[in-house]
Number of protein chains: 2
Amino acid sequence: MQKYRNIGIKLTPQRLAVLEFLEGNKSHPSAEDIYRAVKNRYPMISLATVYNILETLKEKGLVQELNIDPSKKRFDPDTSSHHHLICMGCGKVIDISMDYSPHIPETAIQGFEVKRVHLELYGLCQDCREK
Amino acid sequence: MQKYRNIGIKLTPQRLAVLEFLEGNKSHPSAEDIYRAVKNRYPMISLATVYNILETLKEKGLVQELNIDPSKKRFDPDTSSHHHLICMGCGKVIDISMDYSPHIPETAIQGFEVKRVHLELYGLCQDCREK
DNA sequence: TCTAATTTAATAAACATTATCATATTAGAA
DNA sequence: TTCTAATATGATAATGTTTATTAAATTAGA
Ligand SMILES: [Mn+2]
Ligand SMILES: [Mn+2]
Ligand SMILES: [Zn+2]
Ligand SMILES: [Zn+2]
């Protein structure tokens, strides 16, 4: 609603629907996931539009693209620095926020300028362990 | 040659060519990269075969699949635990090996069993910084 | 209210990866 | 060495994801 006025993009029902679906969403959905969810309320929306919107939101820093899943991109509305547990059993992606400031010795990175750090912890979630 | 006898797979010229190309390779090539490189010496090889071989090598633990690049898988013959610098400018992927055993508090991972840790450092390489 | 700029939706195209299957090759047994 | 069952290859089709195209619709500001 009003809260998205100052983002610097035109407000369309499609964009609002995607923003509302993503708001606080911790499931790290794919474009297809978002499309299906939004389609329930706005059956006329197109998948291409969802891709367009995600691209726009990414540029505006309102969403982050995750490369965690080799078969498709996944999106995260939490753009703060945080890390992920990735279940090798079911593909679930879970946030972990732990105080983490790695000491990276200069010698190890040879003039590379580090802008962002992402930690991936691969393993098995509780549910998948019980099988 | 002889060194690949005990892997538990049939030795074919195609497999040997891929293994030789990957041996000590630090460029984190895609399937297409590998196909192009191997094709120089074995022009009859098919891209599907490269995919088959990579799948087999992955199962045998001789190669690791990286999800670093959103547009395509990349492969790493170094299956030891190590981490990567990823250049947001040119897409280059560089190894970093630093002693890194994060202390992950149990409370942060809620019953998740961590099998593998991968650290991604996004930024700009020396070359890209100079532009 | 009017209008220029932007966005949408439908669809085609591009691209990476996987599936299919007839033919060829490997590795081990005889 | 020869034979043969099991496996691998190569050509190609199929699939799934993402991007490009473009006419029509919508937004936001004058
Ligand atoms: Mn997250
Ligand atoms: Mn590596
Ligand atoms: Zn799981
Ligand atoms: Zn670079």
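Throughout, a chain's letter reflects where its sequence line sits, starting with A, and its residues are numbered from 1. Computed from a predicted model, the values in this text were never measured in an experiment.
Other residues, nucleotides and ligands contribute over 12 non-hydrogen atoms within 6.0 Å of the CZ atom of B/Arg129.
In this view, A/Glu120 and A/Tyr122, B/His118 satisfy the side chain to side chain donor-acceptor pair (under 3.5 Å) rule, not counting sequence neighbours. Judged as a side chain to side chain donor-acceptor pair (under 3.5 Å), and not counting sequence neighbours, the contacts of B/Ser80 are B/Asp78. In this structure, B/Tyr51 has no side chain to side chain donor-acceptor pair (under 3.5 Å) partners at least two apart in sequence or on a different chain.
Linking ILVMFWY residues whenever their side-chain heavy atoms come closer than 4.5 Å, directly or via other members, places B/Val117 and B/Ile96 in the same cluster.
Between A/Ile45 atom CD1 and C/dA10 atom P the separation is 11 Å, expressed in whole Å. Atom OH of A/Tyr42 is separated from atom P of C/dA9 by 12 Å (rounded to the nearest Å).
Checked options B/Lys60, B/Lys58, B/Glu59; the residue passing with B/Leu62 is B/Lys60 (criterion: side chain to side chain contact (heavy atoms under 4.5 Å, CB included)).
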* To do: Indicate for each nucleotide in nucleotides 15-26 of chain C, in 5' to 3' sequence, whether protein heavy atoms under 4.0 Å reach the base (B), only the sugar-phosphate (S), or nothing (-).
  => -SSBB------B
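Side chain of A/Asn25 to backbone of A/Leu22: no donor-acceptor contact under 3.5 angstrom is found.
The closest side-chain heavy-atom distance from B/Val50 to B/Val38 is not below 4.5 Å.
Side-chain polar atoms of B/Asn52 and B/Thr49 form no donor-acceptor pair below 3.5 angstrom. For the 3.5 Å distance criterion, the side chains of A/Asp33 and A/His28 fail to qualify, holding no donor opposite an acceptor.
End-to-end axis angle for the helix from C/dT1-D/dA30 to C/dA30-D/dT1, using five pairs per end and rounding to 10°, comes out at 30°.
Interface limits on DNA chain D: the 5'-most and 3'-most nucleotides within less than 4.0 Å of chain B heavy atoms are D/dA6 to D/dT12.
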